[in-house]
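Residues take their numbers from the sequence shown, with the count starting at 1.
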Amino acid sequence: MPTVYLCSEQIRVLTESMFKRLRKWVVTRFFGHSQQRARLVSKDGRCNIEFGNVEAQSRFIFFVDIWTTVLDLKWRYKMTIFITAFLGSWFFFGLLWYAVAYIHKDLPEFHPSANHTPCVENINGLTSAFLFSLETQVTIGYGFRCVTEQCATAIFLLIFQSILGVVVNSFMCGAILAKISRPKKRAKTITFSKNAVISKRGGKLCLLIRVANLRKSLLIGSHIYGKLLKTTVTPEGETIILDQININFVVDAGNENLFFISPLTIYHVIDHNSPFFHMAAETLIQQDFELVVFLDGTVESTSATCQVRTSYVPEEVLWGYRFAPIVSKTKEGKYRVDFHNFSKTVEVETPHCAMCLYNEKDARARMKRGYDNPNFILSEVNETDDTKM
């Protein structure tokens, strides 16, 4: 078998690679679950925030804006209100119809005469009154029970229940339809990569995130931006929790009006104005921040505006990696997107800090240019000719 010899440089590269993998495994294995960081925004976009000590007057405002309150409710609470509203209105008007029959002495226990004309035909008790209320409100109209001309009270109650039934039906059915068609459901088909990566792109150190649209319908006027949330202390000594710093994300064609038909890789250039400029590969895991990424756009089919968001904590930012290719072209001339590699990363050679990259560039630029040393003094020496002829 041929003998393979490794030079010292190859051994060093292999050792560093093994050390990085070991450090990543140790952090994930022993610290990934035991020291979970608090997140303001979960990976699926839900906000983890709680409001306490809200005044009762402020809580009453939620009932004033009842439409938004009902839309924001979870499905189990919404269906409970839906069923309770219908059953409650049917039973309430059933009691009123029973009261009308009782006052007019239409019930069998009053032994009405043969020529007695009841307010409502065939109401014999509370059960039949409830059935007539149900038939009236949902406009079934079986024809067995009906209102006569004998009582003005019954006619007024019939009109009132019909109007109120239309209002209840419109509100509850509209709330369910609006809940189903909310833009939040469209946002579920926009997905972000599990991790963010930091590597060189175009000669610059960048933070990259991959985002994909799982539907073929586009998001019109899409706009991508980010917020870095961290705790800061002002020069006056004030501690600000969840201080927000703007993070500009761009793609090669700009960060607005994206042609979002295939997965895009958005990136943030780590320059002197970036909050990541003073971070390094060794200290990134020790940082305390949360990067929240937003994607705003208009749904093409409904013209409704939706927002997709996710977040990344330091453990989810991989330094020295790039995303694996995901788009290919088949022999038939079609473009194919392989989502198996959507969040897959590949390790690449990357400077361990942004300052090192820029210092390296400055050093290379200085090597190409000549500089005068101001401390260098040229002293002239008189040469004497010691050769005698």
Looking at every heavy atom in both Val317 and Leu284, which two are closest together, and how far apart are they? O-CD2, 3.5 Å

Flag yes if more than 12 heavy atoms outside Phe110 fall under 6.0 Å of its CZ atom; otherwise flag no. yes

Assess the side chains of [X] and [Y]: does a donor N or O sit below 3.5 Å from an acceptor N or O?
X      : Y      : value
Gln137 : Ser89  : yes
Ser133 : Gln161 : yes
Glu282 : Trp319 : no
Ser274 : Asp271 : no

Which residues satisfy the side chain to side chain contact (heavy atoms under 4.5 Å, CB included) test with [X], sequence neighbours excluded?
X      : value
Lys329 : Tyr335
Ile176 : Trp75, Lys78, Met79, Phe82, Ile180
Glu109 : Tyr98, Leu107

Between [X] and [Y], how do the two ring planes meet: parallel, tilted or perpendicular, split at 30° and 60°?
X      : Y      : answer
Trp90  : Phe86  : tilted
Phe294 : Tyr225 : parallel
His116 : His104 : tilted

Flag, side chain of [X] to backbone of [Y], donor-acceptor distance under 3.5 Å:
X      : Y      : result
Thr189 : Arg215 : no
Thr310 : Lys43  : yes
Glu290 : Val41  : yes
Asn48  : Arg39  : yes
Ser128 : Gly125 : yes

With sequence neighbours excluded, tell me which residues meet salt bridge (charged side-chain N to carboxylate O under 4.0 Å, His left out) with Asp296. none

Disulfide bond (SG atoms under 2.5 Å apart) partners of Cys119, counting only residues at least two apart: Cys151

Does a salt bridge link Arg145 with Glu135, judged by any charged N lying under 4.0 Å from a carboxylate O? yes

Not counting sequence neighbours, list each pair that qualifies as a ring pair (Phe, Tyr, Trp, His ring centres under 6.0 Å) and has a residue in residues 166-199. Trp67-Phe171

